Every structure is written in C-alpha cells, then in structure tokens.
Number of protein chains: 2
Amino acid sequence: MSLDQNEWNEQQYEAVQRIRKRVIEVVGRNMELYGVTLSTGHLYGLLFFADKPMTLDEMGREMQMSKTSMSTGVRTLLDLKMVNKVWEKGSRKDLYEVEYDWYQTFTDYFATQWRRAVESNMQALRRAMKEIERLAQQPDTSEFMAGVLQKDLEKIRQAESYYRWLDRVIDAMEEGQLFDLVPRES
Amino acid sequence: MSLDQNEWNEQQYEAVQRIRKRVIEVVGRNMELYGVTLSTGHLYGLLFFADKPMTLDEMGREMQMSKTSMSTGVRTLLDLKMVNKVWEKGSRKDLYEVEYDWYQTFTDYFATQWRRAVESNMQALRRAMKEIERLAQQPDTSEFMAGVLQKDLEKIRQAESYYRWLDRVIDAMEEGQLFDLVPRES
DNA sequence: AAGTTCATACAGAAAAAACTGTACAGAGTT
DNA sequence: AACTCTGTACAGTTTTTTCTGTATGAACTT
C-alpha cells in the first residue's frame, strides 16, 4: 500500500489507487444499508483492498483520520462481524482484516440485528396483548370500547404472526438453509 | 382516536393510549433497521393503530409535529411501501393507511432497497475489473504490479459472485419462493 | 519499578440531519 | 376568473451524530 517500496511505479500506483477508491466509494455508500456511517464504510473498503491486516495507526494514516475514529469504526465493524481481529506474533498492536466471506457476513448480520429487533418487538406485543385482554374483561367496559380493543388485538396478533415467521426465517438463515433455496456459486 | 366521541370513557381511553404508545415506541425504535427515523417510525405506529386512513393534518395533530414533517415522513414510508395512499370521495385531502401485510412489506423492502444497492455495486465492480485488466496489459507493468492487480481482481471477482447470489435471493423473494422455505402461518 | 506503547473513555468542536414556518403552485370550488 | 384549500419546496433553526485531541489505564519491555 505504501509508496516507499521501490517496486511501485508512481504513476501505476496512482492508477491502482484510483480504481480502488471508486470501488470503495460505491461499496461504502451502499453499506449505509447495514446502518454504518459512510466513513465506516470507507474504512471497510480500505481493509478490503489491504494486502495484509492493518493496525489502527495504519488505517488512520490512510484515511487521514484520527486514531480514535479508527478505533470506534473498527469496533462497529467487529460488532457486525465484518472485520476480524487477527493475531500476529511479534506485534503488540491489534491487527484487523475484513471478513472476505460475504455470504457469512450477510447471514450474520441478519442473525444478530434482526433477531434482536424481533425479540424486543415480540415481547412488547405480547405484553400489550395481555394488557388488552385484562382491560377487555373489566366490568365497566362499554360495547364501543370492547370493539376498539378487539380491533387492536387483531392487529397485534397479525403482527405477532409475522414476527414468528421472521424468526423462523432467521433460523433458516443461521442454519444455512437459504443456500438450499439459492445455492452459492461453486 | 379522538376524545370527543362520547362513547369514550376518559379513563379507559387513557389506558388504551398507554398500551398503544408502548407498542409504537418499540416498533418505532426497531424500524431504524429499515433506515427510517425514530419519529417516522412513530408515525408508522400511529397509522398502524388508526382505525381509519388519516390525513396529514390529523397526523400532525396527533404527533404534535408540523405538517411538513408529516409530509416528508409519509413520503419515506410510501417509498418503502409501508403505507398506501387511499382515495375517498368527497375528501380533497390525501389519505394514508399502513400496509398491514407485513410479509409484503418485508419482501418489498428487500426488493427495492437491496436491489438498488446490488446493482450499483455490481456496476462499480465490473467497471473496476475492466480497468484492472486494461492496466495489467500495459507493457510497462512490473511483476510486482501484476501481482497486486491480480490480487485485487481476485477479491473483486469474489465480491461479484456474492452479489450475483444476493441478486438471486432478491429474485426468489420477489417471486415468493421464500415462503416455500419458510411458510407463512395459516 | 520505571518507561514505552497501545487502545479507548471522555469532553468539546465540527458536521449532518431533523424539524419548523413561510411561501407558493396546482387542483377544486364558487 | 377569483377564491380556497392542500401538499411540498426551501431556508433557517434546533437537535443529533460524528469526529478529534487529550487523558488514562493496561500490557509489555527494559
């Protein structure tokens, strides 16, 4: 990556960097779908093309950003399992490289992020259902009120059914069944 | 929803609102996974429990927010196909209601958002591959340089293969094949 | 144990995004 | 045609997020 290896012809180096930069730009932008910042997306792109695991300092130099930013950026990417910490003897610094198995990245992302959401939503819905049922049984509940409660309950039940389905989708992904439906290449 | 229908017992009304509010809170928060603001998530929740399609003014009143915000919020939800515009004769105002078929919402979201990302990424990758191949054929390309280009090319090829897979996943979703793998309830 | 080197917590600065009020264009009504 | 009502574009303000510099504690070296 660095210029001071005399194997590099400066002009060619620039050409390679230009190509990489464009790819990084696009991939980074679309990574906002994963809920990461544009700059974190760029960091990912940098690591993607790096020929070896990088340290925080190296990243900071390349990105022209503070080491602190690299630290937090790497941490979010670690949480998303998009980069891995790598051990290398002789180095005291932490080294990081991207997870090149994007199939894995994709399914992991779903497993962690969506599962969390599904669970918290299900819990909220179930709690609400209990409350509604309790309310519906109160003696002073008018006809009108009962109707409203019934409609709410119906909506919530439908939502819950959807979440149960989504939960099974996530299961299927974790177990790799998605690859039965849509096989990976070679 | 409004209090001035005398069928409502105020205390019970409060109780219902409290339940709804908690559900809206949770669902709204998790909607950030779809890349929408917390407040847009709340707007969705409001529409979810509304017993009839709502106008922008009604939403603004309920959310205690400006009509402009409602307008933009509804627009993003429309883009995500999470709400639908509804026509009602006699009313000059636009009316909106949520799409209650969340299975549909889920697959539509993928179809639109992820397809867009896949396409733009694939285009960028293909363009980069061409560039690299062109560079590799230049006569003054050193051994070292050729190696670097080769490694970049390999990474890009791998990424492209992943995107082709993802593209097929999206196809499968659009065609409802996901429901073969994980059937919806009832 | 003293001295380095490293990652990260934290507070403040900079940048981005969300939100609002005003203004205006288009559709509908009189 | 004049008038009214509705949705949204736009500019400015407020709020939130991102980014940085400094400080600190932990791990390693001497």
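Heavy atoms only: backbone and side chains are in, while hydrogens, waters and symmetry mates are out. Just so you know, these numbers come straight off a predicted model, no measurement behind them. To find a chain, count down the sequence lines: A is the first, B the second, and so on, and within it residues start at 1.
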Requested in this report: For Thr37(A) and for Arg92(A), locate the closest nucleotide of DNA chain D by heavy-atom distance; then report the residue assigned to the nucleotide nearer the 5' terminus.
Outcome: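 It is Thr37(A), whose closest nucleotide lies nearer the 5' terminus.
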Is any side-chain N or O of [X] closer than 4.0 Å to OP1 or OP2 of [N]?
{"X": "Ser71(A)", "N": "dA7(C)", "result": "no"}
{"X": "Ser66(A)", "N": "dG21(D)", "result": "no"}
{"X": "Thr72(A)", "N": "dC19(D)", "result": "no"}
{"X": "Lys93(A)", "N": "dA7(C)", "result": "no"}

Could you state the atom-to-atom distance from [atom1] of [X] to [atom2] of [N] in whole Å?
{"X": "Gln64(A)", "N": "dG21(D)", "atom1": "CD", "atom2": "C1'", "value": "17 Å"}
{"X": "Met70(A)", "N": "dA7(C)", "atom1": "CE", "atom2": "P", "value": "13 Å"}
{"X": "Trp87(B)", "N": "dT6(D)", "atom1": "CH2", "atom2": "P", "value": "13 Å"}
{"X": "Asp57(A)", "N": "dG21(D)", "atom1": "CG", "atom2": "P", "value": "14 Å"}
{"X": "Met63(A)", "N": "dC19(D)", "atom1": "CE", "atom2": "P", "value": "8 Å"}
{"X": "His42(B)", "N": "dC19(C)", "atom1": "NE2", "atom2": "C1'", "value": "15 Å"}
{"X": "Glu58(A)", "N": "dC6(C)", "atom1": "CD", "atom2": "P", "value": "11 Å"}
{"X": "Met59(B)", "N": "dC19(C)", "atom1": "CE", "atom2": "P", "value": "15 Å"}

Cationic N near anionic O, under 4.0 Å, [X] to [Y]:
{"X": "Asp101(A)", "Y": "Lys81(A)", "result": "no"}
{"X": "Glu160(B)", "Y": "Arg157(B)", "result": "no"}
{"X": "Lys21(A)", "Y": "Glu25(A)", "result": "no"}

Query raised in the report: With nearest nucleotides of DNA chain C determined for Lys67(A) and Thr40(B) from heavy-atom distances, which residue corresponds to the more 5′ nucleotide?
Result: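 Final value for this comparison: Lys67(A).
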Query raised in the report: How many angstroms lie between atom CG of Leu135(B) and atom CZ of Arg18(A), to the nearest 0.5 angstrom?
Result: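 Those atoms lie 8.5 Å apart.
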Requested in this report: Measure distances between side-chain N and O atoms of Thr68(A) and base N and O atoms of dG21(D), and say whether any donor-acceptor pair falls under 3.5 Å.
Outcome: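 Looking at the base of dG21(D), it does pair with a donor or acceptor on the side chain of Thr68(A) (distance under 3.5 Å).
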Can you identify which nucleotide, out of [options], has its nearest atom closest to the [X] side chain?
{"X": "Met65(B)", "options": "dG7(D), dA7(C), dT20(C)", "answer": "dT20(C)"}
{"X": "Ser39(B)", "options": "dA9(C), dA7(C), dC19(C)", "answer": "dC19(C)"}
{"X": "Ser69(B)", "options": "dT20(D), dC19(C), dT8(D)", "answer": "dC19(C)"}

Report task. Only one of Tyr109(A), Phe110(A), Trp114(A) passes ring pair (Phe, Tyr, Trp, His ring centres under 6.0 Å) with Tyr34(A); say which it is. Result ->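 The residue from Tyr109(A), Phe110(A), Trp114(A) that satisfies ring pair (Phe, Tyr, Trp, His ring centres under 6.0 Å) with Tyr34(A) turns out to be Tyr109(A).
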Query raised in the report: Base, sugar-phosphate, or nothing: which does Thr55(A) touch, judged by heavy atoms less than 4.0 Å apart?
Result: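 Contact class for Thr55(A): none.
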